[in-house]
Amino acid sequence: MLLRLPTSISEAQECLAEGAVPIGGATLVWAGWQRDGFPELAMSLRDLPAANAVGRGTLGAAVVLQRIDGDVPEVLRRAAATVGTGAVRRTATVGGNIVGSTLRCLLPAALVLDARATVLEPDRVYETDLAEVVAKRHVLLGLRWREPVASGYHKVPADAGGPPPFVVATAVHADGDGDGRRLLRVAARDGYEVLSESVPCEAGPDEALRALDRTEFGALPAEARGVVHRQVTDVLARAAED
């Protein structure tokens, strides 16, 4: 297998045009390759500056999870910190987790940030939503978002090797018009399915929770619904302090 390490967008596009397989940190593909055979040509974005940004409102797809720090919102930082072991987090990448993983631990966090994805194709670079990225398994360059007022993340403890643990991510956003209105975004992973909803929250937590329960979240099992309610109440309380 030949591994290419492009250092520019144009070089990365040339690799894709030649049929290179994106590998990220390879934590999710190595075992399959050992079983089924290695591709002739692979590509990692670890040397591409555009895919390695970490800062306010931006996160590159080639960033390893261990590098995600206080420069990003709490919901994204805590989501990354719960993925696998320390050894996994030192290798696994943002793009690999969102696009290549079936668990997609970072996806609920990215959804509540209303993140937009920058995608690489052989003939163009463009921005799209996360639903398209996941459905079409695009080559992800990075994420962009508007900073929330407050955010939070919780993964329910679970035994290793069992069903995927329930995950809930929350974020409060100020209305862009500056009139004091706020929007609550909530996303949850239940098994392998991800739910995402937005409800107004300026009337307080009780009204926000009633509105949320009128969505798909109201059909969750009682225990999961309780986790969601606690997380929503917590993030709204912190948002009220700002």
Side-chain angles (χ1 to χ4, degrees), residues 22-32 45-46 51-52 54 58-117 129-145 148 151-171 185-197 216-217 220 223-224 227-228 230-232 234-235:
I23 64 169
T27 56
L28 297 169
V29 297
W30 196 261
L45 301 181
R46 70 188 186 197
N52 280 279
V54 181
T58 185
L59 183 64
V63 173
V64 296
L65 304 186
Q66 191 70 27
R67 283 186 58 207
I68 298 178
D69 55 19
D71 288 335
V72 304
E74 178 183 342
V75 63
L76 200 51
R77 185 172 69 253
R78 291 181 63 183
T82 66
V83 176
T85 63
V88 169
R89 292 190 293 274
R90 287 190 291 272
T91 306
T93 63
V94 171
N97 185 272
I98 291 177
V99 181
S101 170
T102 56
L103 293 177
R104 300 189 177 99
C105 297
L106 299 188
L107 181 58
L111 286 170
V112 299
L113 293 176
D114 197 24
R116 297 284 292 173
D129 58 42
L130 290 166
E132 179 181 327
V133 171
V134 171
K136 297 185 178 180
R137 298 178 67 84
H138 287 308
V139 178
L140 184 66
L141 277 179
L143 303 173
R144 290 194 314 105
W145 62 84
S151 64
Y153 182 91
H154 181 72
K155 177 185 284 188
V156 174
D159 295 331
F166 183 77
V167 161
V168 58
T170 51
R185 296 186 184 276
V186 184
R189 187 188 69 200
D190 183 26
Y192 292 97
E193 299 298 319
V194 175
L195 314 176
S196 180
E197 293 287 351
E216 289 183 284
F217 281 85
L220 288 172
E223 184 176 352
V227 173
V228 171
R230 288 191 293 274
Q231 291 303 301
V232 166
D234 175 69
V235 78

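Heavy atoms only: backbone and side chains are in, while hydrogens, waters and symmetry mates are out. If you read the sequence from its start, that first residue is 1, and numbering goes on from there.
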Next on the checklist: To check you understand the geometry: which heavy-atom pair defines the closest contact between Leu45 and Leu140, and what is its length?
Outcome noted: CD1-O, 3.8 Å
Item to check | Shortest non-hydrogen contact from Pro165 toward Val156 | outcome: CB-O, 3.1 Å
Item to check | Results of salt bridge (Lys or Arg N to Asp or Glu O under 4.0 Å) for Arg78 - residues two or more places apart only | outcome: Glu74
Item to check | Backbone N/O of Ile98 and side chain of Ser101: donor-acceptor pair under 3.5 Å | outcome: no
Checklist entry - Of Val186, Val75, Asp234, Val228, which is the lone residue that meets side chain to side chain contact (heavy atoms under 4.5 Å, CB included) with Thr170? => result Val186
Checklist entry - Should His138 and Val99 be marked as a side chain to side chain contact (heavy atoms under 4.5 Å, CB included) after you check the CA-CA gap, both sets of side-chain angles, and the distance that decides it? => result CA-CA 7 Å; His138 287 308; Val99 181; over 6 Å; no
Item to check | From CG (Leu195) to CG (Leu220), nearest 0.5 Å | outcome: 5.5 Å
Next on the checklist: Please enumerate all residues that pass salt bridge (Lys or Arg N to Asp or Glu O under 4.0 Å) together with Arg144, with sequence neighbours excluded.
Outcome noted: Glu127
Item to check | Within-4.5 Å side-chain heavy-atom neighbours: Phe217 and Glu197 | outcome: yes
Checklist entry - Roughly how far apart are Asp114 CG and Arg185 CZ, rounded to 0.5 Å? => result 4.0 Å
Next on the checklist: Is any side-chain heavy atom of Thr91 closer than 4.5 Å to one of Val64?
Outcome noted: no
Checklist entry - Is there side-chain contact between Trp145 and Leu76, with heavy atoms separated by less than 4.5 Å? => result yes
Checklist entry - For the residue pair Lys155 and Val167, what are the closest heavy atoms and their distance? => result CG-CG2, 3.7 Å
Checklist entry - Are Val227 and His154 side-chain neighbours, meaning at least one heavy-atom pair lies under 4.5 Å? => result yes
Next on the checklist: If I take atom CD1 from residue Ile68 and atom CG from residue Leu59, how far apart are they, to the nearest 0.5 angstrom?
Outcome noted: 5.0 Å
Next on the checklist: To check you understand the geometry: which heavy-atom pair defines the closest contact between Ala187 and Val112, and what is its length?
Outcome noted: N-CG1, 3.3 Å
Item to check | Presence of salt bridge, Arg77 and Asp69, under 4.0 angstrom | outcome: no
Item to check | Spacing of Glu193 atom CD and Glu216 atom CD [to the nearest 0.5 Å] | outcome: 9.5 Å
Next on the checklist: Counting C-beta onward and ignoring hydrogens, is there a side-chain heavy-atom pair between Val63 and Thr93 closer than 4.5 Å?
Outcome noted: no
Next on the checklist: Given 3.5 Å as the limit, does a donor-acceptor pair link the side chain of Arg89 with the main chain of Ala81, or not?
Outcome noted: yes
Checklist entry - Would you call Val134 and Arg104 a side-chain contact if the rule is heavy atoms closer than 4.5 Å? => result yes
Item to check | Residue pair Val235 / Gly152: nearest heavy atoms and the distance that separates them | outcome: CG2-N, 3.9 Å
Checklist entry - Can you tell if the side chain of Leu106 reaches within under 4.5 Å of the side chain of Leu143, non-hydrogen atoms only? => result no
Checklist entry - At what distance, to the nearest 0.5 angstrom, does SG of Cys105 lie from OH of Tyr153? => result 5.0 Å
Checklist outcome for this item: So CZ of Arg116 and CG of Asp129: to nearest 0.5 Å the spacing works out to 5.5 Å
Next on the checklist: Using side-chain heavy atoms (C-beta onward) and a distance below 4.5 Å, is Val232 in contact with Val168?
Outcome noted: no
